[in-house]
Amino acid sequence: MNATIAYLKNCFEQALIAAFGNDLAGVDPVLVPTSNPQFGDYQSNVSMSLAKRLGKAPRAIAQDLIQKLDLSDICEPLEIAGPGFINIKLKTEYLQSQLAAMQGSSRLGVEAAKNPKRVIVDFSSPNIAKEMHVGHLRSTIIGDAIARVLEFQGQDVLRLNHVGDWGTQFGMLITYLQEVCPEALTTADALDLGDLVAFYKKAKQRFDEDPEFQEKSRQEVVKLQSGNPESHRTWQLLCDQSRREFQVIYDLLDICLTERGESFYNPLLQQVIDDLEQTGLLVEDQGAKCVFLEGFTNREGEPLPLIVQKSDGGYNYATTDLAAIRYRIQTDQAKRMIYVTDAGQANHFAQVFQVARRAGWIPEGVEIIHIPFGLVQGEDGKRLKTRSGDTVRLRDLLDEAIVRSRADLETRLKEEDRHESEEFIAHTSQIVGISAVKYADLSQNRTSNYIFSFDKMLALQGNTAPYMLYAYVRIQGISRKGQIDFDNLGSDLKILLQEETEFALARHLLQLDEMIDQVSQDLMPNRLCQYLFELSQKFNQFYDRCPVLQAETSVRTSRLVLCDLTARTLKLGLSLLGIGVLERM
RNA sequence: GGGUACUUAGCUCAGUGGAUAGAGCAACCGCCUUCUAAGCGGUCGGUCACAGGUUCGAACCCUGUAGUACCCGCCA
């Protein structure tokens, strides 16, 4: 547990000073989990790195260091191995007591943050008047998982949905609707959102080829942005409708967001320009107001501008993003701002962050980071499309996952001659299907592109959601069979570690808090997935080797605690990924 | 042309300075009178794109080369 590594680190730091003098104060003892269980639990690699500095052989350094260390309360005697590694093996009694403490903790031994910070996670961000599509999948799933991990830590998390609810698309759309479907401008739900999307595409086409239409659209935007009541009402209608459609998907995914779209920052945009002017960063170029960037150049090697006010006086997304940064710092009091968008926007954010920094808008101690992720690709390695070449609607994608998982389940029920209620089948298929989609996405290193495959994510074996859900179900099976109430196993339970698989499982369980701490720092949910997958594997190995219910009383109790801890860890870990568990499947 | 990211087993991917580079899938071989075999064990499989450099130690850091993807002045 964290407490363990922190304790060891402290001991090593003192031993370094005791052995080699005050010069070594502040040297990192390089304590890491061992690369191989045969080396124990942790290893220190500090001796090798000090060889040159101290002018001694690494093994001799390790020897000197060990003499100043007394860890006999929690560790077996330290061992020096290879070129000078110091291997640390925790005592069995220590592991057992740590497990008992974990068992008695409602947070499984994971401490809450001591100084909670206001953190903003900006994710999902679909566009009004368009449907959510596969492009929104990763931001939504990854952003939610990151928010959940930080919330579990006790951070004060604000989940913001920066929806595209402003801008030129509305001018086009309103102009087009005036022509073909005027009732949609004044009546709620006169159109299906799907139709709206089709209209949007046609409007865009008209916009691109018809100058007269273009001009009308621009005027519509101006009308809207200048607060014309009629335009505003139409805009409101379109937004409401889209919002309800988004909510269907968020409900299906069990994701909570606070909507604060681009329009929210509208009243703040002029101030951004004025303040940039004040700082002296603002330059007028070809009629547009911009800030010239450092480290970004065009074809000719000249500095690239970030345009914050177009030559027609309009603002663009850079302006909105700058206004949002200011608002989030000044009003929301954010100390950490996390933007979960695709890697293609890396440039844009680097530029906007640079301007905000140079303008002095990001105070000391405020962190602002872009969390990029790669494309979702089809099995052909190209951007994921439907067979007809269209963008894949998120709704269709999720429905298909559920339909497929239901088909799998029904086949299985038939094979095993099991009979289950419609409610059970529907619920199980939904959890399995949605979990599979989420887990497949999260288990991948987010920075790389990822190949979407229903067959792989729904596979019952391997690093998939169903495999882990099954491990959880197995534990619930023990509970049912033995009529065990895991919540009331009793107090003062003794844990006895004897078998290899018990030790492996126990050691893994005790790494939970390190894992969560790491994910909260590097914001890589795939590490948590890896941890949970390995936990499931280690549990299945234990389950295979160690009978639980038939064991004699003291062993049985101890193994029941291991089962309970595994189940609770899986449930917690999966919940941080936005994935629910099942009692049976 | 510039920028950013990527290139690891047949396939999909982990592994952001430590010991013999790992997992899943696929293929093959075993294990159900015993808590759900949706499981477990085993075999096979690698010039970590290539070439230099830094380091006691490099898949990982630096430089260069090749390939792939994405981005590059008034869309978001």
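Everything quoted here is computed from the prediction, not taken from an experiment. Chain letters run A, B, ... following the sequence lines, proteins first, then strands; residues in each count from 1.
Rounded to a whole angstrom, the distance from the C1' atom of B/rU55 to that of B/rC62 is 12 Å. Comparing the same atom, P, in B/rC44 and in B/rC28 gives a spacing of 16 Å after rounding to whole Å. Here, B/rG3 and B/rG64 have their P atoms 10 Å apart, quoted to the whole Å. B/rU63 and B/rC29: their C1' atoms are spaced 49 Å apart (whole Å). The P atoms of B/rU43 and B/rC25 are separated by 15 Å, rounded to the nearest whole Å.
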Pull out every protein N or O sitting under 3.5 Å from an N or O of nucleotides 57-60 of chain B, one pair per line with the distance.
none

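Here the side chain of A/Ser47 pairs a donor or acceptor atom with the backbone of A/Gly84 at under 3.5 angstrom. With hydrogens and angles ignored, the 3.5 Å screen pairs a side-chain donor or acceptor of A/Ser405 with a backbone N or O of A/Ser429. Looking only at distances, no side-chain donor or acceptor of A/Gln351 sits under 3.5 Å from a matching main-chain atom of A/His348.
B/rG17: no Watson-Crick or G-U partner with both key distances under 3.5 Å is found in any strand. The pairing partner recorded for B/rU63 is B/rA51, the criterion being a Watson-Crick or G-U wobble arrangement whose two distances lie under 3.5 angstrom. Pairing for B/rA26 is absent, with no Watson-Crick or G-U wobble pair whose two atom distances lie under 3.5 Å. In this structure, B/rU34 makes no Watson-Crick or G-U wobble pair, since no nucleotide meets both defining distances under 3.5 angstrom. Remark: B/rG45 base-pairs with no nucleotide in the shown strands. Criterion, Watson-Crick or G-U wobble with two distances under 3.5 Å. The partner of B/rG57 is absent, by the rule that a Watson-Crick or G-U pair needs both atom distances under 3.5 Å. Partner assigned to B/rA5 is B/rU68, using Watson-Crick or G-U wobble distances below 3.5 angstrom.
A/Arg474 has a side-chain polar atom (N or O) that falls below the 4.0 Å cut-off from OP1 or OP2 of B/rA37. At the phosphate of B/rC13, neither OP1 nor OP2 sits under 4.0 Å from any side-chain N or O atom of A/Asn445. Taking only side-chain nitrogens and oxygens, A/Gln461 comes nearer than 4.0 Å to OP1 or OP2 of B/rG39.
No hydrogens or angles were tested; on distance alone, a donor-acceptor pair under 3.5 Å links the side chain of A/Arg412 to the base of B/rA38. Side-chain N/O atoms of A/Thr447 and base N/O atoms of B/rA5 include no donor-acceptor pair closer than 3.5 Å. Between the side chain of A/Gln444 and the base of B/rA14, no donor-acceptor pair of N or O atoms lies under 3.5 Å. Residue A/Asn87 places a side-chain atom within donor-acceptor reach of the base of B/rA19, judged by atom type and a 3.5 Å distance cut-off alone.
In the set B/rC56, B/rG15, B/rG39, the nucleotide with an atom closest to the side chain of A/Asn526 is B/rG15. With B/rA19, B/rU55, B/rU12 as the choices, the nucleotide that has an atom nearest any side-chain atom of A/Lys52 turns out to be B/rU55. For A/Lys456, the side-chain atoms get nearest to B/rC11 when compared with the rest of B/rC11, B/rG39, B/rA19. Closest to the A/Gln541 side chain, of the nucleotides B/rC56, B/rG41, B/rU16, is B/rG41. Of the candidates B/rC40, B/rU20, B/rG39, the closest approach to any side-chain atom of A/Gln38 belongs to B/rU20. Of the candidates B/rC40, B/rG15, B/rG18, the closest approach to any side-chain atom of A/Arg527 belongs to B/rG15. The nucleotide whose nearest atom lies closest to any side-chain atom of A/Met48 is, among B/rA14, B/rG18, B/rC35, B/rG18.
Close placement of the A/Phe533 and A/Tyr467 rings is indicated, their centers lying within 6.0 Å of each other. Residues A/Phe454 and A/Phe452 place their aromatic rings such that the two centres sit under 6.0 Å apart. Side-chain rings of A/Phe353 and A/Tyr339 approach one another, their centers coming within less than 6.0 Å. The ring of A/His136 has its center no closer than 6.0 angstrom to the ring center of A/Phe123. Aromatic ring centres of A/Tyr176 and A/Tyr200 lie farther apart than the 6.0 Å criterion allows. Two rings, from A/Tyr531 and A/His508, have their centers less than 6.0 Å apart.
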Next on the checklist: Using a 4.0 Å heavy-atom cut-off to protein, can you give one letter per nucleotide of nucleotides 69-76 of chain B, 5' to 3': B if the base is in contact, S if only the sugar-phosphate is, - if neither?
Outcome noted: SSBSBBSB
Checklist entry - Hey, mind stepping through A/Gln476 and A/Arg480 against side chain to side chain donor-acceptor pair (under 3.5 Å) and telling me if it holds? => result CA-CA 6 Å; A/Gln476 303 316 307; A/Arg480 278 192 301 276; 5.9 Å; no
Next on the checklist: Using side-chain contact (heavy atoms from CB on, under 4.5 Å), reason through A/Lys481 and A/Leu549 one step at a time and then give a plain yes or no.
Outcome noted: CA-CA 9 Å; A/Lys481 179 92 175 201; A/Leu549 295 173; 3.7 Å; yes
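Rounded to whole Å, atom P of B/rC31 lies 14 Å from atom CG of A/Asp544. Rounded to whole angstrom, the span from the CG atom of A/Leu460 across to the P atom of B/rC40 amounts to 13 Å.
Residue contacts for A/Val473: at a heavy-atom cut-off of 4.0 Å it reaches a base atom on one of the strands shown. Contact annotation for A/Tyr543: base contact, defined as any heavy-atom pair under 4.0 Å involving a base atom.
Side-chain atoms of A/Asp165 and A/Ser263 form a donor-acceptor pair, as typed in the model, at a separation below 3.5 Å.
Annotated as syn: B/rC32, whose glycosidic dihedral is within 90° of 0.
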